[in-house]
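Take a look at the structure below.
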Amino acid sequence: MEFKNVHIKNFRNFEDVEVTLANKNAFFGLNDVGKSNFLSAFRFVFDKDVRRQNFFDSDYHCRNTNLPIEITLTIDISDLTCTDNQKLRAQLKGALLSSHQQVFIRLVAQYDYAELTGVPLLYWGGDINNLQEMKQRGYLYEIDYVMNVVYIDSYVDLQNLFKKNVSKLMKNDEEEDKNVLQEIKGVIGDLNEKIASLSGIKDFEAKVTPEYKKYRNDNISVSVKSEVAIKGLYSNLIPYVKRDDDTNLYPTAGDGRKKLLSYSLFDLIASEMSEKKITLFLIEEPENHLHRSMQIALSRIIFSDERYKYLFVATHSPFILYEMNFVNLVRIYNKTKVDSVSAFYKIPDAYESYKKILNRNLSEAIFADRVLLVEGPSEIMFFEKVLSVVNPFYEADGAYLLAANGIGFEKYFDILKGLGIKCIIKTDNDLRSSKKGYSVLGFFRCNKYTKDAKYKLPIKPVTSNSITDKITLYNNNQKKLDEIRKDFSLFLSKSDLENDLDEVIHDKLVVWLKKSDPVSYLQAAKHTNMVELLQYLDEKTCKEIYEHYNFACLKEVIKN
Amino acid sequence: MVSASAGTGKTHTMVNKIVNEIEVNKDHKVIAAVTFTIKAAQEIKERIKVDVSRHFIGTNNSFVIEEIVQPFIKDVYGPTYDIILSADYSTNFSSFEEGLEVVAQKATLGAYSDDKKNFIFELAQDIVKRSKACQLYLQAKYFKIYIDEYQDCDKSMHELFMFLAEKLDIETFIVGDDKQSIYIWRGAYPEAFKSIWRKDNFSKISLSDNFRSCQQIQNYSNLLCEETRVNYVETKQLENIIWVNSTYNTWYQDVLQFIDNSKTTALLRFSNDNSKKGAEELSSVGFECIHIPKIPLADITTESAWIYNSIAKNYVLNHYSVYDFISEIPNEGENSKRKVKIISDFLQRIKDSLYDSDGFFENISGLGEYLNYSIEMRHVRKLQETLKNESFHVAFESERYQNTSITFHSSKGLEFDQVIVFAEDYRLHDMSSIYNHYVAVTRAKNKLIIIKCDHWAASKFEANLRGIFAAYGKSLEDMVYISS
């Protein structure tokens, strides 16, 4: 079973939005753009308890109750060996014919002006133009016999969750339990007798009954009992934590621990059902209350555990995405007219060893609107300094700097572009020695990126690789390079960071670093010496750099 | 495959197995348990004490209509067949093509004029063989199919069930007894059951311990058929089977001395008329015996048949409430209070309007419409006829009467302490007749009384019976007590 697509019409933020889906999906975007509403759309389709509440007029986009709310999901079920597909088939019956490879599930809610509510009706089948109405039994639809929704909101209440499911999680139905349960019943009886015999209790009961009767003369008396006797054994059970090397019990007090224990319970509840039904996990902002390391641990579980096969998670936190793989990233943006884009992300096979860096950089970058991709950490340090002086709120405004070192721009670029995030690339004008002199590596990189004859730069090797050679090469092709800047936001250095900077503030570098050749000094120990330089950079210089042709990429990333 | 002789508790065995397998099964798949009559299906449902709302328990016909024909006919014959079908076996035709035409034109599943051919199963077979979606559906939904009374299957039913078992690889559990094959006259094909016995892909169990009948009656019935002769166990008892040579004017007197008045007794006859007459004759000499008639309602064979039956039960039986009615709605589970109220109101109005033909029809139509079952005027008339004539009412609570007279066709699955049969009803000249006799005698627990009057068929019976026993080295006198 493979989720393919969702189409939402006239529901809350969404006037008409269509998004590609996969089995694991992460929804992200700014606050109030409708991440939760996206999950709600799924809940109305799959969660009987949400569906039975019906729609209010405020659930209709801009309260337009003249049009129905319509949510349509497309699921591929062509794999005949997949047991989840069999679960669907067993319920779809004749709604699925031999020629059909996909199932469409559609919710339609026409607003009823007499009842002041929108009652959802469900349809499904293999032919989008001829869907069958789903049979209903009470408030259960056929889909409810196939799908089991586990919705985890950001503030899971452990106690409630535990209480609600305790009988499902602990089945004491073995033969030998019968006797023990009978014994417990006896012990509870004894307990209450003992309680009742306490002088304080007797005294209280004797006093409170006449007090009550002053208000109302019923034939009652007030009696104090342990709750376990009234509400049953399971009402009183509470999970405690016991350390491996300690015999004491500790309450599950911390929010982080409560949350992890809640997730463990959800896992168990889901496994209980897993063979009978298909479990969908809808998770809302799981990062709340969790420390960074716990978020990363959770990320590992939801992206690698087989149980979270069908996952729809809304998040603000890059840490939740640190371990992402085979996931469809859905970015929701634009508050006024909600739009969204999605891209499927799989860690590239050849990049297994860089997985961590790649994932971490990406999971941060996808929360931005504009990303400046640069060569390495010294660029990052330098540009961060300049930008923080020119526009201290650049990150809040949606700009993000990402160093592509070692991995290559394209791995980031494809995903970011797919998500509609603007990419600005700043790369060096490298030359590399080859049999026929020096090949123009930087130009090659540009050509590969533009993929258009109109922007093609010459690729004839050059004879030497001095800085002057690079600059000459740049100047000879500047017209075309400027067009590439304009049309592709690709900024080739004239040479590299240090030389380009030297061109702007050579005299200041000589003074600050007390070196006659500051470029060589900076390049000798890139990281340490860049740190040294940054302490001298003043506001005036930063602005000068920001305004200079060589660093025009900075203006581009600030431009909103 | 379980080959189970009479009284061996085959339905009990099957029900226990179903309960066990439903409880053990972990995945989403369910079972189908099918049998021939609505009554038998209802009985299985009642005996299974676990929740079966997601499983299919019903008649063979409803199984193929609901699970194969209705959902997938359009997959094979195209969108013109995307219609809601109803079954009416009084619509007849002679070829498959004509039958298909009736489906398209009238949205009705009819029947061949030839009783021995089965249109619905031929159609279902065609669909399941040609529709990949149907095959995948059945495989995805069912982990096991249980079929009761397999000896009553006709050829096309057998072919369909074997397709499900062998081509679709759905586990199949078959129960039957070729000796109880009493429907050969309408196409039942006991050879099918025997052919499975020879298959390697079925494991076979044979149940021969009769928990119902005493040893002498077991011996008598076991010698009737070749394959059960091995179960013969020598006994000295002779008083359990009484052979009464008598006359049409005196048999009901003669028989009385052998009947224990404190035990249940059934007179089993071939024809409805003889059954009625026999009850009157026995009653005339002070032996209170109730004839359980064939009711006009029994002629209704459409899928709406249960509605008429349930309305009738609600009318006749005091204890039959709206909840009993709801429990008989095929594949229906939850009851809202509202629904109970609506149905309860309908049933009351139906009761009140029995003698107002228009109102009666209107009320039943209303109920049918509410439950989505089609109601026909001619069927409503049959119901009215059944209810107005109080002599039919006993048919709804036959178990209340100690002594009854019924046709042996309707005695299947029942048991009585004492059974009276007439020699002339069984010539024992062919297997079909032997099977009929087998079914009749195995209804008896302690006593079997065989009445032989002066009739050519009765003489045939005696001659053939003597021949059968002789083949095992026994005489008639070794097997029964003969009273003159």
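Every chain is numbered from 1 and lettered A, B, ... according to where its sequence line falls, protein lines coming before strand lines.
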- Can you tell which part of B:E67 gets under 4.5 Å to a heavy atom of chain A, answering side chain, backbone, both or neither?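 Both the backbone and the side chain of B:E67 come within 4.5 Å of chain A.
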- Part of B:N25 within contact of chain A (heavy atom distance under 4.5 Å):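 Answer is both: backbone and side chain atoms of B:N25 are under 4.5 Å from chain A.
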- Message: Heavy-atom pairs under 4.5 Å with chain B - which of A:L97, A:L92, A:L80, A:L96 has more of them than the others?
- Response: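 Most pairs with chain B among the choices: A:L97.
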- Contact leader toward chain B among A:E275, A:Q86, A:K87, A:K276, where contacts are heavy-atom pairs under 4.5 Å: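 The option with the most such pairs is A:K276.
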- Item | Under 4.5 Å from a heavy atom of chain B, the part of A:N85 involved |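 Neither part.
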- Task: Check B:C134 against B:I68 and note the closest heavy-atom contact, atom names and distance.
- Result: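 Closest pair (atom of B:C134, atom of B:I68, distance): SG-CG2, 3.9 Å.
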- Choice from B:K29, B:K74, B:R54 maximising heavy atom contacts with chain A below 4.5 Å: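 Option with the top pair count is B:R54.
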- Message: Do B:Y146 and B:V34 have side chains that approach each other closer than 4.5 Å (heavy atoms only, starting at C-beta)?
- Response: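 Sidechains of B:V34 and B:Y146: no contact.
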- Item | Side-chain donor-acceptor pair present, A:Y139, A:D144, cut-off under 3.5 Å |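 Judged by distance alone, the side chains do not pair up.
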- No-hydrogen, no-angle side-chain donor-acceptor test under 3.5 Å, A:S98 and B:D75: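 Yes, because at least one side-chain N or O of A:S98 sits under 3.5 Å from a partner of the opposite role on B:D75.
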- Hey, mind stepping through A:D76 and A:S78 against side-chain hydrogen bond (donor to acceptor under 3.5 Å, both in side chains) and telling me if it holds? CA-CA 6 Å; A:D76 181 295; A:S78 56; 2.7 Å; yes
